[in-house]
Student: 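Please read through the structure below; I'll follow up with questions.
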Amino acid sequence: MNPNEKNNQVLIAIVDDDQSFREALESLLTLIGFRTAIFASAHDFLDSAQLPDVSCAILDIAMPGMDGLELQQHLVAAHPIPIIFITDLRDKTTREQAARAGAISFLNKPVSEEILIDALNLALRI
């Protein structure tokens with residue numbers, strides 16, 4: 001099985017309130033061969049019928065309503081999946097909190113394609 005076929009078997013959720021970032025990340029991951037689902041908020045993601053099929057979630061921290069750390073807590077309790085944070089925040093306390101709760105990676109925007117792919121490979125054990 002080639003890597004793109006393996007990638008196409010997983011669904012990556014992108015949860016970020018920045019529409020242009022969501023769409024750019026969706027385009028990149030689709031180009032690599034992943035299936036994606038994009039959400040503008042944590043609540044949209046949690047209410048989605050796609051949630052049970054998600055293999056990994058890429059989350060922002062600062063979002064209106066439920067932030068990324070709160071979403072992480074909910075997912076850890078109710079639907080454990082690998083989580084990668086990509087955010088503008090560079091706060092050490094937030095990074096440590098995300099790591100303690102099990103985040104695979106905590107990346108800063110802008111993120112390089114290579115670093116993101118490495119994080120996804122780690123999260124999905126590809």
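Excluded from the calculations below are hydrogen atoms, water molecules and symmetry mates; all remaining heavy atoms, backbone and side chain alike, are included.
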Student: Please answer whether the main-chain N or O of Ile38 pairs with a side-chain N or O of Arg22 as donor and acceptor at a distance below 3.5 Å.
Tutor: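 Looks like no, no N/O pair under 3.5 Å.
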Student: Apply the side chain to side chain contact (heavy atoms under 4.5 Å, CB included) test between Ile58 and each candidate in Val15, Leu29, Val111, Thr36; give the one that qualifies.
Tutor: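 Testing Ile58 for a side chain to side chain contact (heavy atoms under 4.5 Å, CB included) against Val15, Leu29, Val111, Thr36 leaves exactly one candidate, Leu29.
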Student: Where do Gln72 and Ala98 come nearest, in terms of heavy atoms and distance?
Tutor: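 Heavy-atom minimum between the residues: NE2-O, 3.0 Å.
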Student: How close do Pro82 and Ser55 get, counting heavy atoms only, and between which atoms?
Tutor: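 What the structure gives for the nearest pair is CD-O, 3.1 Å.
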Student: With heavy-atom distances below 4.5 Å as the criterion, would you say the side chains of Ile104 and Phe85 are in contact?
Tutor: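 The answer is no, as the side chains (C-beta and beyond) never meet within the 4.5 Å cut-off.
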Student: Considering non-hydrogen atoms only, spot the tightest contact between Asp17 and Met63 and give its length.
Tutor: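 Closest approach of Asp17 to Met63, heavy atoms only: OD1-CG, 3.7 Å.
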Student: Are Phe106 and Ile84 close enough that some pair of their side-chain heavy atoms sits under 4.5 Å apart?
Tutor: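 When only atoms from C-beta onward are counted, Ile84 and Phe106 do not touch, as no gap falls below 4.5 Å.
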Student: Rounded to the nearest 0.5 Å, how far does OG of Ser27 lie from CD1 of Ile32?
Tutor: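 That separation rounds to 11.0 Å.
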Student: Taking C-beta and beyond as the side chain, do Leu59 and Asp16 meet within less than 4.5 Å on heavy atoms?
Tutor: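 Side chain of Leu59 against side chain of Asp16, heavy atoms only: no contact under 4.5 Å found.
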Student: Please check: side-chain N/O of Asn108 versus main-chain N/O of Ile86, any donor-acceptor pairing under 3.5 Å?
Tutor: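 Absent.
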Student: Under a 4.5 Å cut-off applied to non-hydrogen side-chain atoms, are Leu46 and Leu75 in contact?
Tutor: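 With C-beta onward as the side chain, the pair touches.
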Student: So, Glu26 side chain and Ile14 main chain: donor-acceptor pair closer than 3.5 Å or not?
Tutor: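 Such a contact is absent between Glu26 side chain and Ile14 backbone.
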Student: Would you mind reporting whether Gln73 and Leu69 have side-chain heavy atoms less than 4.5 Å apart?
Tutor: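 Leu69 does not reach Gln73 side chain to side chain.
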Student: What's the separation between atom NE2 in His79 and atom NE2 in His74, rounded to the nearest 0.5 Å?
Tutor: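 These two atoms lie 9.5 Å from each other.
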Student: So, do Lys92 and Arg95 sit near enough that their side-chain heavy atoms are less than 4.5 Å apart?
Tutor: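 A side-chain contact under 4.5 Å is absent here.
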Student: Given Arg35 and Val10, is the side-chain contact (heavy atoms from CB on, under 4.5 Å) satisfied, shown in steps?
Tutor: CA-CA 6 Å; Arg35 292 184 309 127; Val10 299; over 6 Å; no
Student: Just verifying a value: how many Å separate Asp88 CG and Ile61 CD1, rounded to the nearest 0.5 Å?
Tutor: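 The CD1 atom of Ile61 is 11.0 Å from CG of Asp88, to the nearest 0.5 Å.
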Student: Please report the shortest heavy-atom distance between Phe45 and Val54, naming the atom on each side.
Tutor: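 Closest approach of Phe45 to Val54, heavy atoms only: CE1-CG2, 3.8 Å.
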Student: Treating Ser105 as the side-chain partner and Leu107 as the backbone partner, does any N or O pair qualify as donor plus acceptor under 3.5 Å?
Tutor: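 Looks like no, no N/O pair under 3.5 Å.
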Student: Between Arg90 and Lys109, what is the shortest heavy-atom contact and its length?
Tutor: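 Closest approach of Arg90 to Lys109, heavy atoms only: NH2-O, 3.1 Å.
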Student: Less than 4.5 Å apart, any side-chain heavy atom of Leu124 and any of Phe34?
Tutor: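 Counting from C-beta outward, Leu124 and Phe34 do come under 4.5 Å.
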Student: To the closest 0.5 Å, what do you measure between CG (Leu120) and CZ (Arg125)?
Tutor: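 Output value for this atom pair is 12.0 Å.
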Student: So, does His43 use its side chain to make a donor-acceptor pair with the main chain of Gly65 at under 3.5 Å?
Tutor: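 Answer holds: no.
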Student: Please confirm whether the backbone N or O of Ser20 pairs with a side-chain atom of Glu23, one donor and one acceptor, at under 3.5 Å?
Tutor: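 Checking the backbone N and O of Ser20 against the side chain of Glu23, no donor-acceptor pair under 3.5 Å is found.
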Student: For a quick test of reading the model, state the closest non-hydrogen atom pair linking Ile81 to Cys56 and the distance between them.
Tutor: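 Residues Ile81 and Cys56, closest heavy atoms: CD1-C, 4.3 Å.
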Student: Give the cluster check for Val76 versus Phe39: same hydrophobic cluster or not, with ILVMFWY residues linked at side-chain heavy-atom distances below 4.5 Å.
Tutor: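 No, Val76 does not connect to Phe39 through the hydrophobic network.
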